[in-house]
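To start, the structure under review is shown below, and the notes come after it.
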Amino acid sequence: MGEKVYVNFNCTFVDDAQIYIGDGTMIAPNVTIIAASHPVSPTLRAEGYGCNRPVHIGKNVWLAAT
């Protein structure tokens with residue numbers, strides 16, 4: 001997490017891979033950042049595969065709640 005990052009209440013981070021948040025970023029309430037998922041294929045999910053990819057958020061970004 002960079003410098004002067006603001007994270008509002010009730011945010012969730014699922015970090016099975018790296019989550020990088022740049023300097024000056026502001027994150028609104030109830031935002032979820034997920035670096036992990038499961039395959040779309042039911043067969044691969046049944047075999048226990050996961051899809052972990054890093055999340056990189058740049059500098060001075062505003063993530064608004066939707």
Margin query: Restricting to side chain to side chain donor-acceptor pair (under 3.5 Å), what partner residues turn up for Asn30, sequence neighbours left out?
Written below: Asn10
Check: For Asp15, which residues count as a side chain to side chain donor-acceptor pair (under 3.5 Å) partner, sequence neighbours excluded?
Finding: none
Next item on the list: Taking all non-hydrogen atoms of both residues into account, name the closest pair between Ser37 and Asn52 and its distance.
Entry: N-OD1, 4.3 Å
Checklist line | Enclosure of Glu47 CD (heavy-atom neighbours >12, cutoff 6.0 Å) | finding: yes
Item checked: Tyr49 atom OH: more than 12 heavy-atom contacts under 6.0 Å -> no
Check: Do any N or O atoms from the side chain of Asp23 and from the backbone of Glu3 form a donor-acceptor pair under 3.5 angstrom?
Finding: yes
Item checked: Transitive ILVMFWY cluster of Ile27, excluding itself - 4.5 Å side-chain cut-off -> Met1, Val5, Val7, Phe13, Ile19, Ile21, Val31, Ile33, Val55, Ile57, Val61, Leu63
Item checked: Val40: hydrophobic cluster co-members (side-chain, 4.5 Å) -> none
Next item on the list: Mind checking side-chain contact (heavy atoms from CB on, under 4.5 Å) for Asn60 and listing every partner two or more places apart, or none if nothing turns up?
Entry: none
Item checked: Any residue meeting side-chain contact (heavy atoms from CB on, under 4.5 Å) with Arg45, in chain and number order, not counting sequence neighbours -> His38, Pro39, Pro42
Notebook entry, point to check: Which atom pair, heavy atoms only, marks the closest approach of Pro29 to Ala65?
Noted result: O-CB, 3.2 Å
Note to self: How close do Ala17 and Ala35 get, counting heavy atoms only, and between which atoms?
What the structure shows: O-CB, 3.6 Å
